[in-house]
Amino acid sequence: MNSKITDYIIEKIIFLCGIIAIVFVVLIFGFLLKEGFAFFKEYGVFNFIFGKYWYPTSNPASYGVFSLIIGSLLVTLGAAIIAVPFGIMTALFIAELAPKGIRDVLKSIVELMAAIPSVVLGFVGMVTLVPLVRSVLDIPTGLTAFSGSIVLGFMAMPTIVSISEDAIRSVPWQYKEGAYALGATKWQTIRRVVLKAAMPGIIAAVMLGIGRVIGETMAVLMVTGNAAAIPSSIFDPVRTLTATIAAEMGETVRGGLHYRALFGIGLVLFTITFIINFVADLFLNKKR
Amino acid sequence: MNFKLSPKLSQKIAYTLLVISTIIVIVPVLTVIIIIIKNGWSALSWEFLTTMPKDGMRAGGILPAILGTLAIVSCAICVTLPVGVCAAIYLNEYAKDNLLTRIIKLAIVNLAGVPSVVYGLFGLGIFVMLLGFGVSILAGALTLSIMELPVIITTARGALSSVPYSFREASWSLGVSKWQTIRRVVLPNALPGIMTGAILSISRISGETAPILFTAAAFYVPHLPKSMFDQVMALPYHLYIISTQIPNMPKNIIFGTALVLLLMVLSMSLIAIVARLYFRKIRKW
Amino acid sequence: MVDKIKVENLNCFYSGKQVLKNLNLTVKKNEILSIIGPSNSGKTSFLRTLNRMNDMNVSFSRKGDVFLDDDNIFEMNPEKLRTRIGMLFAMPIPLPMSIYDNIAYAPKVLGLKNKKNMDEVVEQSLRDASLWDEVKDRLDSSAIKMSGGQQQRLCIARILAIEPEVILFDEPCSGLDPISTAKVEEAMLKLKEKYTIVLVTNNVKQASRVGTRTAFFLMGELIEIDKTQNIFLTPKNKLTEDYITGRFG
């Protein structure tokens, strides 16, 4: 029968696509591992991770990413301090207090927020926030870790808000009824029952938000000043792992040591975000 | 301190804080959008959208950047959507629930969170260098499609698994084969979810800069792209260079470019959001 | 009467746990065989083995054979088998399409009928399921909007459209009110003339009303099978008597 043959072919194509997708997944991992390890072998993992100096163009070149890691961590930490409390409180408002009409509007706005390209946010941050930071704090440049943290904080919020909101909304209503039956006010119920029950999901939301911040490239490249030195405070310019790749890859000799050093950074980033996402996934599954 | 807030009062304070925090989250988004519209509106014109840049990009239009982005994004979605949906069908409908499948599903979920600049590295190593496509539309589009593959697979799987299992059973029990069941019952009902996911993906990759930075984007190309192996200008990358690398760049052109990019991305997201609300409302089960 | 289905030494397992033990029975042509028994007695597992719906479950395994007429069902193409042995589920599952399309769905996909005949097939199937008069004016409206009883009869009509030889009913009235139940039972008795029916039910009274013969399952074993009136009036096994008189279950 003719249609039987078509069915058979289509099923085979589906299997093939499944396999192609899987092969690429493995390929990305394998490729980064190969390039990264080739560099580690030549330069040494310890020198790479804990080396203080990132001087890829001097002679002899030095490829220590410690200051870049510190830069990434500092910006991320600042972003988390901004995004986590506001994100969770907003999620609570949307999930528990907002009437249905307003809830849909707010959720749509949060989603639109996630859609704004990072290069646009970086640009707006550069022309509005950076001069503001400079004049208000009276420091030589507004291109600082602090500015980066603010921009990235807002980039982490959509993730934190929407995933926390899901977690809060999926708390079974019986839990709340139980608390109301004991005479608790709505806020006491939210604080003691809802937040507690939704906690795994909220933790996952925070981790995914942080994962997004660590991997963010263009906005940090545009507002953090890109100085590859260990910062003394959050008001110093910093350079992150991602910005380093984006800024320098264009000028490297393909296949050279500098080129491979950037792949080494890529492997570090890949590992960090993979671990964060993996743990977040565990929390999300624990919720169910 | 002996003083203790009454439950009523503490509830009031808490609610106020929640409202304030929501405002703090929402207002900057709207401000960003307003700033860009206000400053970029004056640059918007038919000419701006349809002519080549002039005077070292300080004047003229942004046509090559718009076309470049359209070319890269449409190629990318043409690759990633069919492959991603097929992979989702495979994982959701055919794959046996064993350890290997679970590892693959986990890997795909996690790959969605890998930084886009890392995908850029991958694209550079594989497509530009190893496969020899050079810095080109093809290399950039493939890089973006690999980046978006996990997202498409994840949303498509969500849409497929939201179709009740009982529909499949009902169809099988009538002697209908697995594939015919997928085609006639599962896919039609999962389609709205898959399509809104696809539109959101298009919106997302249109604004991505890092993955095309070293795989497709060029600082300036004096002519429009002619083949898949050409380097191209791209809207997000163009915005990046005119706002950071070119001295004395007229502000309204930068804002105008940002506005065009923003309109492109937000209108697609908006379409997806509205479509999703609509389909949820008319959904039959 | 001719044997329609012959079950020989059937053993079934889910993830290694045995749910059916050494089952031997026959279903005769044009009878309604009701299967009664408490929950977890293997009734539904038995039904889902007969049309191989269990094949979709990876943890399922079995030993033994089932013959439909003279063909071993485990050697047949499962899709072909299911067009010969239709199944009605406990909860009505209308597909999210119109009433007409629900009936026409399988014949169309399977290529059983051409387009011209389809209207007749739909009408005849709905008539046989005692639903035609209620829906003939709104065949294009969504099947999801019908009442539960109507949905269940629609699902019966859907099976009739593929003209099977045997129909399996898996507790078809468990979610229905008494009036809807009566209508489904009425349809069932009418169908007996053309089809062979296996009915699994938790409702002992339903078995006594419609069953030609009745089988009593307990913990995966067949305890007793006989003419319905014998089972209810003069059960041979003490367990059967205890169950139908409501002493456990």
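Chain naming here is simple, since letters A, B, ... match the order of the sequence lines and numbering starts at 1 in each. Computed from heavy atoms alone, side chains included, the values below leave out hydrogens, waters and symmetry copies.
For chain A, the option among B/L17, B/I254, B/V109 with the highest count of heavy-atom pairs below 4.5 Å is B/I254. Here B/S21 is the residue among B/S21, B/C86, B/A87 with the most heavy-atom pairs under 4.5 Å with chain A. Ranking B/L149, B/V32, B/L130 against chain A, the residue ahead of the rest is B/V32, based on heavy-atom pairs under 4.5 Å. Ranked by heavy-atom pairs under 4.5 Å with chain B, the list A/F86, A/Y259, A/F154 is led by A/F86. Between chain B and the residues A/R212, A/E35, A/R254, the largest count of heavy-atom pairs under 4.5 Å involves A/R254. Considering only heavy-atom pairs separated by less than 4.5 Å from chain B, the leading option among A/A246, A/G125, A/A91, A/S118 is A/A246. Between chain A and the residues B/A107, B/S269, B/G84, B/G125, the largest count of heavy-atom pairs under 4.5 Å involves B/G125. Of the listed residues (A/T242, A/I10, A/L32), the greatest number of heavy-atom pairs within a distance under 4.5 Å of chain B belongs to A/I10.
When every heavy atom of B/P236 is checked against every heavy atom of A/V119, the shortest pair comes out as O-CG2, 3.6 Å. Across all non-hydrogen atoms, the minimal contact from A/T273 to B/P115 is OG1-CD, 3.3 Å. Between A/F24 and B/I146, the shortest heavy-atom contact is CD2-CD1, 3.4 Å. Looking at every heavy atom in both residues, A/K186 comes nearest to B/Q11 through N-OE1, 3.3 Å. Between A/Q188 and B/P7 the shortest heavy-atom distance is NE2-CB, 3.8 Å. For A/F31 against B/I126, the heavy-atom pair with the smallest separation is CD1-CD1, 3.7 Å.
With a 4.5 angstrom heavy-atom cutoff, B/K12 does not touch chain A via any of its atoms. The parts of A/I14 that come within reach of chain B are both its backbone and its side chain, each placing non-hydrogen atoms under 4.5 angstrom from that chain. Using a 4.5 Å cut-off between heavy atoms, B/I182 makes no contact with chain A at all. At a 4.5 Å heavy-atom cutoff, A/L208 makes no contact with chain B through either its backbone or its side chain. Using a 4.5 Å cut-off between heavy atoms, B/L213 touches chain A through its side chain atoms alone. Of the two parts of B/V25, the backbone and the side chain both hold a non-hydrogen atom closer than 4.5 Å to a non-hydrogen atom of chain A. Proximity to chain A is absent for every atom of B/V85, based on heavy atoms less than 4.5 angstrom apart. For A/M126, the part lying near chain B is the side chain, with the backbone staying farther off; criterion is any non-hydrogen pair under 4.5 Å. Interface residue B/Y94: only side-chain heavy atoms are found under 4.5 Å from chain A. Only the side chain of B/I36 comes within contact range of chain A, with at least one heavy atom under 4.5 Å from a heavy atom of that chain. Within the 4.5 angstrom heavy-atom criterion, only side-chain atoms of A/L221, from C-beta onward, approach chain B. Heavy-atom distances place no part of B/R183 under 4.5 Å from chain A, backbone and side chain included.
Here the straight-line distance linking atom CE of A/M157 with atom CD1 of B/I26 works out to 9.5 Å at 0.5 Å rounding. The CG atom of B/L121 lies 4.5 Å from the CD1 atom of A/I245; values are rounded to the nearest 0.5 Å. How far CD1 of B/I20 is from OG1 of A/T90: 11.5 Å, rounded to the nearest 0.5 Å. The distance from the CD1 atom of B/I24 to the CD1 atom of A/I82 is 11.0 Å, given to the nearest 0.5 Å. Atom CZ of B/F214 sits about 8.0 Å away from atom CG of A/L262, to the nearest 0.5 Å. Between the OG atom of B/S203 and the CD atom of A/E111 there is a distance of 9.5 Å, given to the nearest 0.5 Å.
Applying the side-chain hydrogen bond (donor to acceptor under 3.5 Å, both in side chains) rule to pairs touching residues 234-246 of chain B yields nothing, sequence neighbours excluded.
Within 6.0 Å of atom OH in B/Y278, 12 or fewer heavy atoms from other residues, nucleotides or ligands are found, so the atom counts as exposed in its surroundings. Taking a 6.0 Å sphere around NZ of A/K12, one finds it holds more than 12 heavy atoms contributed by other residues, nucleotides or ligands. Under a cut-off of 6.0 angstrom, the local environment of CZ in A/F278 is sparse, with at most 12 non-hydrogen atoms contributed by other residues, nucleotides or ligands.
Considering only heavy atoms from C-beta on, B/Y90 stays 4.5 Å or farther from A/L16 through its side chain. Between A/Y8 and B/W179, the closest side-chain pair of non-hydrogen atoms is not below 4.5 Å. A heavy-atom distance below 4.5 Å is found between the side chains of A/W187 and B/S10. A heavy-atom distance below 4.5 Å is found between the side chains of A/I116 and B/L266. A heavy-atom distance below 4.5 Å is not found between the side chains of A/L112 and B/V29. For the pair B/F255 and A/V127, the minimum side-chain heavy-atom distance is below 4.5 Å. Contact check for A/K107 versus B/I273: no side-chain heavy atoms found under the 4.5 Å cut-off. Using a 4.5 Å heavy-atom cutoff, the side chains of B/L239 and A/V120 are in contact.
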Do A/T217 and B/T209 pass the side chain to side chain contact (heavy atoms under 4.5 Å, CB included) test, and can you show the C-alpha distance, the side-chain angles, and the key distance before you say yes or no?
CA-CA 9 Å; A/T217 309; B/T209 317; over 6 Å; no
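Scored by the side-chain hydrogen bond (donor to acceptor under 3.5 Å, both in side chains) test, B/T143 finds no partners at all (sequence neighbours excluded). Remark: A/F270 pairs with A/F29, A/F274 by the ring-ring contact (aromatic ring centres under 6.0 Å, His included) rule, at least two apart or across chains.
Taking 4.5 Å as the heavy-atom cut-off, the residues of residues 256-264 of chain B that approach chain A are B/A258, B/L261, B/L262, ordered by number.
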